[in-house]
Amino acid sequence: MKPRTGLFRFVALANAVAAAVLAQTLAPMRPPAVPLVAHDPYFSIWSMADRLTGDGVKHWTGKPNSLCVLLRVDGKSYQVVGRERVTNAVLDQVRLEVLPTRTIYRFAGAGVQLDLTFFTPAAPDDLEVLARPLTYIEWAVSAVDGKDHEVAIYFDAASDLVVNTADQPVEWGRYLLDGQTVLRMGSRDQPVLAKRGDDLRIDWGYLYLMADRADGTSAVAAPHQEARAAFESTGRLPDSDDLAAPSEPRRGGAAALAFAFDLGKVGAQPVSRYLMMAYDDLYSIEYFQRRLRPWWRRNGAGATDLLRAARNEHDALLARNKAFDDELMADMRKVGGEEYARLAALAYRQTLAAHKLVADADGAAMYFPKENFSNGCISTVDVIYPSSPFTLLFNPLLLKAQLQPVMDYAAMPRWRWPFAPHDLGTYPQANGQVYGGGERTEENQMPVEESGNMLIMVAALARTEGNAAFAQKYWPQLTKWAEYLKEKGLDPENQLSTDDFAGHLAHNANLSIKAILALGAYGTLCEMTGRQQDAALYRKTAQEFAAKWMQLADDGDHYRLAFDKTGTWSQKYNLVWDKLLGLGLFPAEVVRKEIAFYETKQNQYGLPLDNRKDYTKLDWLVWTSTLASNPADFEKLIAPAYRWANETPTRVPLTDWYDTVTGKQQGFQARSVVGGVFVKMLSDPAMWKKYSSRAVDKK
């Protein structure tokens with residue numbers, strides 16, 4: 001029978017039209033928090049209110065990272081960003097759109113329209129640009145009442161961006177780069193990599209501000225209240241920098257770096273300016289007592305090179321990232337619908353901003369995640385695992401850069417256990433596992449969890465790259481973990497899994513699935529490396545285990561939370577890898593039965609993780625939804641999560657652990673695990689190949 005090409009084209013066109021209509025009719029999204037400047041666990045600034053003037057902007061931890069923007073129109077100043085009132089006049093915020101690499105606000109009033117864009121050039125296939133700790137803050141002003149208006153713009157960044165606590169003294173400086181003013185600020189003491197922990201902000205390195213061009217631009221380093229008051233009253237900045245020590249208490253408030261742009265008369269044609277905001281941390285990570293440079297600095301580049309390259313490449317980067325945003329949003333709508341696309345766009349920069357890309361001593365890329373507002377661990381394996389759909393989709397080289405530090409640690413004599421480690425330390429010091437009993441004891445480890453995670457991710461990396469070279473390099477470790485899972489994985493003993501907040505659990509059915517799929521994944525790696533006999537052996541073992549699992553977990557119309565607990569249930573999110581890796585170990589009826597059961601258990605804001613509590617995990621919820629075989633079932637499971645993101649009363653960067661009844665945060669925020677929402681894109685083989693090949697081809 002010939003394929004009905006015309007019908008297929010008609011259906012595709014109809015779906016595209018329906019998606020476009022939904023995008024226009026669906027109410028604008030109200031994110032729980034909006035990414036403004038999102039680069040790494042220290043340089044990460046968010047708006048946690050409906051309006052940019054509703055609250056001060058903050059670091060992801062919730063501590064102030066103060067920015068202020070004023071717009072002066074015909075001699076009157078209006079506040080656009082910031083809670084501390086410089087003026088009682090505030091422009092109306094009429095639009096907010098969060099795209100993968102840009103956050104766009106629109107304001108209206110006083111006869112003008114202002115578009116304010118926070119643009120981070122984060123197309124993931126270009127590590128050179130992705131690694132730059134620099135965001136462009138862009139303004140476009142136009143008259144909308146048929147008249148011309150005198151317009152000026154004010155921006156400042158306060159000293160709380162460069163210290164952990166407000167009592168730490170800071171220093172500032174003024175420099176020239178190609179004839180243009182550059183302002184710099186940093187802590188006086190510069191304790192490089194001295195602190196480790198969770199609720200911390202950076203207090204070493206330097207913040208830089210530089211405008212797009214010199215004309216119409218002025219700059220000052222002064223107490224923020226003085227700089228803002230001068231602009232509000234005169235439209236100008238103070239005539240000179242404050243020469244006193246910035247750390248001294250004063251009535252003028254905290255130190256700030258301020259820029260002003262005089263746009264002159266503005267008519268219907270938009271007038272645009274931008275500012276570059278960068279943070280040079282000098283050294284980023286300590287890896288087994290070695291201080292590692294950020295990736296962009298690996299060949300000797302410094303702040304001058306960073307700013308000059310960013311200015312010279314701005315126009316090309318903006319055009320490229322606009323095209324990337326448009327393409328990715330369209331593809332995500334095609335795969336998962338409008339609500340899914342918006343949720344994923346919100347997760348995009350958050351995923352990146354929980355990592356730091358550095359260069360090892362030999363120049364190898366190493367990509368370290370921080371386990372934000374959980375325990376502050378660095379390179380947690382069960383954080384890399386849920387975020388891996390992001391790196392597998394957009395740049396598998398980044399996944400390799402995450403896995404290599406873990407594999408190198410596991411190959412050291414000091415790691416003497418037959419299972420994979422949990423972490424490498426506490427951010428930013430990756431000097432050895434600290435979770436549970438550390439590396440000294442088996443107590444409170446996650447042996448099945450982490451071993452399964454590593455085998456699955458290495459197999460997924462091999463599938464994406466088309467070869468198993470990375471696996472071959474670490475074959476003894478992978479084999480040891482496969483042997484461990486063969487012995488311990490089918491019916492796990494009482495132990496923690498990645499959902500450790502739920503406590504220890506024996507006979508965990510979902511954890512057993514992970515072990516079974518990991519054995520199948522190892523069999524695939526054996527086949528890719530020419531070990532055909534081992535491949536057949538592990539394939540057979542995984543098949544036998546899957547059949548036994550169905551008997552052990554069967555509970556009638558669904559499968560159990562634990563093999564020995566009748567009347568229980570849980571999300572079997574690990575099953576998604578059977579589909580993604582093409583293992584085919586579990587029959588389709590397992591997924592069909594589970595999805596049908598899940599649809600009867602949803603609460604207002606989503607499907608609970610299991611029968612014990614009403615809370616869920618956002619990453620696992622999307623993985624579970626991706627098991628659905630048709631768009632209708634997927635959207636039924638995703639829609640409550642999108643509703644939650646719009647209505648949650650907890651205003652923080654996406655939490656991945658929340659209550660499905662109240663919508664409140666249970667714990668965690670700003671974690672990279674939200675990269676797991678991109679698993680839906682991996683379920684479309686064409687999409688997976690389309691995006692991942694862009695980075696692989698650049699190797």
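- A side-chain donor-acceptor contact under 3.5 Å links Glu371 and Thr380.
- The six-membered or imidazole ring of Tyr42 lies near that of Trp204, with a centre-to-centre distance under 6.0 Å.
- Aromatic ring centres of Tyr348 and Phe390 lie closer together than 6.0 Å.
- For Thr165 and Asp167, the side-chain atoms include at least one donor-acceptor pair closer than 3.5 Å.
- Side-chain contact of Arg201 with Thr61: a donor-acceptor pair under 3.5 Å is present, judged by distance alone.
- A salt bridge links Asp199 to Lys63: one of the charged nitrogens lies within less than 4.0 Å of a carboxylate oxygen.
- With no hydrogens or angles considered, no side-chain donor-acceptor pair links Ser379 and Asp423 at under 3.5 Å.
- In this structure, Lys370 has no side chain to side chain donor-acceptor pair (under 3.5 Å) partners at least two apart in sequence or on a different chain.
- Within the 6.0 Å centre-distance limit, the rings of Tyr287 and Phe368 are counted as a close aromatic pair.
- Figure legend: cation-pi geometry between Arg184 and Tyr206, with NZ or CZ positioned under 6.0 Å from the six-membered ring centre and within 45° of its axis.
- Between Asp148 and Lys265 there is no salt bridge, since no side-chain N of the basic residue sits under 4.0 Å from a carboxylate O of the acidic one.
- Side chains of Ser77 and Arg228: a donor-acceptor N/O pair is absent below 3.5 angstrom, by distance only.
- For Phe394 and Phe678, the ring centers are positioned less than 6.0 Å apart.
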Between Glu647 and Arg30, is a salt bridge (charged side-chain N to carboxylate O under 4.0 Å, His left out) present by the stated rule, with each step listed? CA-CA 8 Å; Glu647 298 177 3; Arg30 186 235 63 175; over 6 Å; no
As a quick check of understanding, evaluate side-chain contact (heavy atoms from CB on, under 4.5 Å) for Asp198 and Phe373, giving each step before the final call. CA-CA 6 Å; Asp198 197 359; Phe373 264 23; 3.8 Å; yes
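- Both tests do not hold together for Arg72 against Tyr78: distance to the six-membered ring centre under 6.0 Å, angle to the ring axis within 45°.
- Screening residues 269-278 for salt bridge (Lys or Arg N to Asp or Glu O under 4.0 Å) gives Asp212-Arg273 as the qualifying pairs, with residues at least two apart or on separate chains.
- Listed by chain and residue number, Ala140 satisfy the side chain to side chain contact (heavy atoms under 4.5 Å, CB included) test with Ser272 (two or more places apart in sequence, or in another chain).
- Using modelled atom types, one finds a donor on one side chain and an acceptor on the other under 3.5 Å when comparing Gln180 with Arg311.
- A salt bridge between Arg95 and Glu97 is present, with a side-chain N of the basic residue lying under 4.0 Å from a carboxylate O of the acidic one.
- A distance below 6.0 Å separates the ring centres of Phe261 and Trp139.
- Checked options Asp325, Thr117, Thr120, Asn321; the residue passing with Arg102 is Asp325 (criterion: side chain to side chain donor-acceptor pair (under 3.5 Å)).
- Aromatic ring centres of Tyr136 and Tyr274 lie closer together than 6.0 Å.
- A side-chain donor-acceptor contact under 3.5 Å links Ser187 and Gln190.
- Rounded to the nearest 0.5 angstrom, Ile285 CD1 and Leu193 CG are separated by 7.0 Å.
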